[in-house]
Amino acid sequence: MRKLMTEKGEPTMEPMLHHRWDLSEEEAMQTQQTLGKTVIKEDQFTTIRYIAGVDVAYAKESDALIAAIVILDAHSLNVVESVVVKDTVHFPYIPGLFSFRELPPIIMAFKQVTTSPDLVVCDGQGIAHPRRFGLASHLGVLFDIPTIGCGKTRLLGEYTEPDQIRGAVSPLIDQDEVVGGVLRTQANTKPIYVSVGHRISLQTACDWIIKLSPNYRLPETTRLADQLVNQTIRQPSE
DNA sequence: GCGACAG
DNA sequence: ATCTTGTCGC
């Protein structure tokens with residue numbers, strides 16, 4: 001007989017693929033070009049029971065990066081697990097090479113997670129990227145897991161403003177290619193930029209983001225992870 | 001050369 | 001992303 005649930009204290013999330021992180025800008029770009037060829041832009045999963053939300057913030061006071069992962073039950077959206085870790089900065093922020101700065105702490109945090117998510121919603125772009133390999137795609141390929149790129153602002157691409165109603169979406173285009181969707185998660189609020197991370201289609205990605213954003217502009221995954229990261233940086237001062 | 005530029 | 005005050009829009 002086997003257990004139905006993962007037992008606490010038994011980490012299960014490990015990258016399937018590894019590569020160095022102390023790279024030069026040129027090497028980092030080369031890595032993106034190589035790994036970018038392995039991104040899958042179609043649905044490739046069965047049941048999605050748990051969804052992970054990931055967010056990283058820079059704590060100026062300690063010059064460190066704080067990464068938080070929140071695991072939600074895909075049906076109820078209740079939090080089932082959450083993890084926070086602190087790490088040093090290994091790479092500067094360079095538009096287009098964002099993942100080389102934020103993935104190290106994120107990978108470190110995933111090693112503490114005991115509930116394996118079936119989908120990860122990232123705070124950053126997927127293939128809506130110069131080399132079609134943004135943070136969401138990078139994370140998806142390394143862990144070989146479905147991921148969605150969800151940015152609050154645009155990295156690249158042109159589009160026409162989607163209608164002001166919840167669910168409206170317009171294609172995000174770069175070099176005559178649809179690289180994502182500009183999605184209105186809440187009526188009369190700024191849209192968010194959704195793109196394929198790995199092993200999911202743009203349509204399915206948008207459907208999930210809408211389901212995850214019943215009351216706010218940002219999906220609950222991102223909102224909760226962001227909240228956790230901020231309460232960690234802002235230690236109790238009362 | 002100039003502007004743009006996920007977090 | 002972080003740091004900040006006033007200001008604009010619904």
Side-chain angles (χ1 to χ4, degrees), chain A residues 21 25 28-29 31-32 35-36 39 53-70 84-109 120-141 147-159 161 163-166 172-175 179-198 202 205 209 216-219 221-235 237:
Chain A
W21 293 96
E25 287 187 42
M29 287 175 69
T31 298
Q32 295 181 321
L35 297 181
V39 172
V54 179
D55 187 45
V56 178
Y58 175 64
K60 187 183 179 183
E61 302 310 310
S62 51
D63 184 38
L65 292 174
I66 307 298
I69 294 178
V70 175
V84 183
V85 304
K86 174 187 273 190
D87 193 14
T88 53
V89 180
H90 302 64
F91 205 87
Y93 167 68
I94 299 172
L97 297 179
F98 185 45
S99 63
F100 291 89
R101 176 188 176 84
E102 301 215 335
L103 277 188
I106 289 174
I107 290 173
M108 187 179 285
V120 181
V121 176
C122 303
D123 193 354
Q125 315 294 339
I127 63 173
H129 176 280
R131 289 164 291 286
R132 307 292 183 262
F133 199 68
L135 184 145
S137 296
H138 201 155
L139 178 61
V141 167
T147 60
I148 294 175
C150 186
K152 291 184 280 294
T153 62
R154 179 195 73 102
L155 171 59
L156 54 73
E158 299 156 9
Y159 64 96
E161 199 67 19
D163 291 334
Q164 296 290 345
I165 61 173
R166 172 175 155 77
L172 179 63
I173 298 171
D174 179 53
Q175 307 287 158
V179 296
V182 183
L183 181 66
R184 190 83 64 185
T185 51
Q186 287 297 319
N188 306 336
T189 62
K190 289 174 53 178
I192 61 178
Y193 304 80
V194 179
S195 57
V196 170
H198 187 51
L202 178 58
I209 294 302
Y216 300 91
R217 180 173 81 106
L218 300 178
T221 41
T222 302
R223 202 175 67 75
L224 292 168
D226 180 78
Q227 181 177 300
L228 183 55
V229 131
N230 279 318
Q231 72 178 49
T232 301
I233 291 178
R234 264 296 150 187
Q235 286 295 354
S237 56

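Labels below follow one simple rule: chain letters A, B, ... track the order of the sequence lines, proteins then strands, and each chain is numbered from 1.
Side chains of A/Q125 and A/L135 form no contact here, defined as non-hydrogen atoms less than 4.5 Å apart. Residues A/H198 and A/V120 form no side-chain contact, since every pair of their non-hydrogen atoms from C-beta on lies 4.5 Å or further apart. Residues A/Y193 and A/Y159 form a side-chain contact, since some pair of their non-hydrogen atoms from C-beta on lies under 4.5 Å apart. Side-chain atoms of A/K152 and A/D123, non-hydrogen and from C-beta on, do get closer than 4.5 Å to each other. With contacts defined as side-chain heavy-atom distances shorter than 4.5 Å, the pair A/V54/A/V121 does not qualify. Using a 4.5 Å heavy-atom cutoff, the side chains of A/L139 and A/C122 are in contact. Side-chain contact between A/I148 and A/I209 is present, with heavy atoms from C-beta onward closer than 4.5 Å. Contact check for A/T31 versus A/F133: no side-chain heavy atoms found under the 4.5 Å cut-off.
Taken together, the pairs of DNA chain B form no segment extending over three or more consecutive Watson-Crick or G-U pairs closer than 3.5 Å at both contacts. Consecutive Watson-Crick or G-U pairing (both distances under 3.5 Å) never extends over three or more pairs in DNA chain C.
For the atom pair A/T232 OG1 and A/Q227 CD, the distance stands at 10.5 Å (nearest 0.5 Å). Distance CG/A/D63 to OG1/A/T88: 8.5 Å, rounded to 0.5 Å. Separating the CD1 atom in A/I233 from the CG atom in A/L228 is a distance of 10.5 Å, to the nearest 0.5 Å.
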Would you sort out whether A/R132 and A/D174 count as a salt bridge (Lys or Arg N to Asp or Glu O under 4.0 Å), showing the intermediate values?
-> CA-CA 10 Å; A/R132 307 292 183 262; A/D174 179 53; 3.0 Å; yes
Residues A/F100, A/H138; criterion ring-ring contact (aromatic ring centres under 6.0 Å, His included); working and verdict = CA-CA 9 Å; A/F100 291 89; A/H138 201 155; 5.3 Å; yes
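A/R223 and A/D55 are not joined by a salt bridge, as no carboxylate oxygen comes within less than 4.0 angstrom of a charged side-chain nitrogen.
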Classify every nucleotide of nucleotides 3-9 of chain C by which part a protein heavy atom approaches to under 4.0 Å, writing B for the base, S for the sugar-phosphate alone and - for neither, in 5'-to-3' order.
-> -------
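Less than 4.0 Å separates DNA chain B from no heavy atom of any residue of residues 180-196 of chain A.
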Under-3.5 Å N/O pairs linking protein and nucleotides 3-7 of chain B:
from	atom 1	to	atom 2	distance (Å)
B/dC5	OP1	A/R154	NH2	2.4
B/dA6	OP2	A/Y93	OH	2.4
B/dA6	N7	A/G96	N	3.2
B/dA6	N6	A/G96	O	3.2
B/dA6	N6	A/F98	N	3.3
B/dA6	N6	A/H129	NE2	3.3
B/dA6	N1	A/L135	N	3.1
B/dA6	N3	A/Q125	N	3.0
B/dG7	OP1	A/K152	N	2.8
B/dG7	OP2	A/T153	OG1	2.5

Could you give the side-chain donor-acceptor pairs of residues 181-190 of chain A under 3.5 Å, partners two or more places apart or in another chain?
from	atom 1	to	atom 2	distance (Å)
A/R184	NE	A/D163	O	3.1
A/R184	NH1	A/Q164	OE1	3.4
A/R184	NH1	A/T189	O	2.7
A/R184	NH2	A/E161	OE2	3.2
A/R184	NH2	A/P162	O	2.5
A/T185	OG1	A/R217	O	2.5
A/Q186	NE2	A/S213	O	2.9
A/Q186	NE2	A/P214	O	3.3
A/T189	OG1	A/Q186	O	2.8

